[in-house]
Amino acid sequence: MEVETREIKVKTKGNTDIIDITGLVGSEITASGLQNGTVTVFVPGSTAAVSTMEYEPGLKKDIPLALEKIAPAAADYAHHKTWGDFNGSAHVRAALIGPSIVVPFTGGRLVLGTWQQIALFDFDTGPRDRRIVLQIMGVK
Ligand code: ZN
């Protein structure tokens with residue numbers, strides 16, 4: 001069994017920007033040379049998240065609208081009194097979705113549903129350069 005830690009970099013617009021990173025993750029698995037195992041996809045930071053979704057234009061609107069009902073951007077958050085950075089909504093949304101997922105791969109390919117992509121969610125209040133850590137564990 002081997003462990004390979006890799007990084008991918010993504011530029012985001014913030015404000016619940018959703019980016020399909022499936023291709024980037026798949027390329028790193030190919031580059032690792034590992035055939036069977038799991039990849040942990042983790043975003044460092046408490047205002048972004050990683051999950052899977054069907055990456056299509058409707059859901060790219062529906063998911064932000066649903067999150068706006070749960071953690072409205074304009075609401076008052078105790079967090080604002082802590083730092084004065086006014087991104088309480090981003091932190092709450094990121095905590096709900098979570099910073100990482102684990103995806104299996106077989107034959108060097110991600111095991112995903114036909115309509116399932118790996119997505120990075122950036123909830124912060126402006127553009128960010130995000131680093132995503134991939135820890136690939138498997139065999140050749
Ligand atoms: Zn904050």
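Counting starts at 1 for both ligands and their atoms, in listed order. Numbers here are sequence positions counted from 1.
Within the coordination shell of the Zn ion (ligand 1), defined by N, O or S atoms under 2.8 Å, Ser46 is absent.
Judged by distance alone, with hydrogens and angles left aside, the side-chain atoms of Asn36 form no donor-acceptor pair with the main-chain N or O of Gly138 at under 3.5 Å. Checking side-chain atoms of Glu68 against main-chain N and O of Leu65 turns up no donor-acceptor pair under 3.5 Å.
Taking the Zn ion (ligand 1) as reference, Asp85 places its N/O/S atom OD2 nearest.
Taking the Zn ion (ligand 1) as the apex, the angle formed with OD1 of Asn87 and NE2 of His79 is 100°, to the nearest 10 degrees.
In this structure, the separation between NE2 on His91 and NE2 on His79 is 3.0 Å, given to the nearest 0.5 Å.
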Go through the steps to decide whether Asp122 and Lys13 satisfy the test salt bridge (charged side-chain N to carboxylate O under 4.0 Å, His left out), and finish with yes or no. CA-CA 8 Å; Asp122 197 331; Lys13 300 192 198 88; over 6 Å; no

